[in-house]
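See structure below.
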Amino acid sequence: EPEVTQTPSHQVTQMGQEVILRCVPISNHLYFYWYRQILGQKVEFLVSFYNNEISEKSEIFDDQFSVERPDGSNFTLKIRSTKLEDSAMYFCASTSGGVDEQFFGPGTRLTVL
Amino acid sequence: GESVGLHLPTLSVQEGDNSIINCAYSNSASDYFIWYKQESGKGPQFIIDIRSNMDKRQGQRVTVLLNKTVKHLSLQIAATQPGDSAVYFCAEIGGGYNKLIFGAGTRLAVHP
């Protein structure tokens with residue numbers, strides 16, 4: 001069964017450093033998302049991406065965040081200068097379109113020290 | 001504004017009992033709702049969905065009920081098993097590109 005994969009599973013970084021979180025969505029999917037989940041809290045939408053551009057972003061997704069689909073398979077989330085409050089689980093999701101089920105990856109746990 | 005929330009933060013049930021997890025939403029224009037299950041250390045996993053033109057939808061051991069009058073959504077799990085222990089989130093589709101708006105989550109603990 002196809003699945004969304006994410007790397008790394010756990011990233012530890014120092015405050016102010018740049019991090020890149022990587023995702024490989026399901027191959028025939030067209031819509032891509034990043035969500036985050038602070039420990040013990042609900043999952044929050046960050047950004048959606050379609051047709052090689054951002055289609056929607058939340059207030060959390062400020063100018064320190066960026067997304068990219070550098071090739072036909074990877075979808076990345078970059079945080080330019082990490083803050084302590086960026087510590088969270090980051091989930092990538094993809095869907096083939098419309099209101100179809102979004103498939104989530106296993107997440108990357110980001111710890112900012 | 002939009003919001004999706006849950007009535008109960010935790011629910012403990014005996015193995016074999018039926019479980020009911022509730023969710024309230026505030027956006028009356030929402031037309032698609034999903035229940036996700038999240039096990040420890042994993043991403044959300046789709047359980048079942050329902051569109052606003054339906055009141056009830058059944059899957060394998062799970063049923064989702066939608067009451068648009070009071071903007072209430074529930075997930076019923078029949079014959080709850082230890083493997084059902086997880087956090088359950090309701091989510092609402094919002095926005096033109098179908099971002100998910102999640103509720104706060106309910107932890108289901110199944111005891112033998």
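Every chain is numbered from 1, with letters handed out A, B, ... down the list of sequences.
Note that CG of A/N74 is 10.0 Å distant from SG of A/C92, once rounded to the nearest 0.5 Å.
Annotation: B/F89 is not in aromatic contact with B/Y36 [ring centroid separation under 6.0 Å not met].
Of the possible donor and acceptor atoms, one in the side chain of B/T80 sits under 3.5 Å from a partner among the backbone N and O of B/D17.
For B/Q45, no part sits under 4.5 Å from any heavy atom of chain A, backbone or side chain. Contacts between A/F49 and chain B at a heavy-atom distance below 4.5 Å are absent for every atom of the residue.
Classification of A/K57 and A/D62 as a salt-bridged pair fails, no side-chain N sitting under 4.0 Å from a carboxylate O.
When each of A/Q6, A/R109, A/Q37 is checked for heavy-atom pairs under 4.5 Å with chain B, A/Q37 comes out on top.
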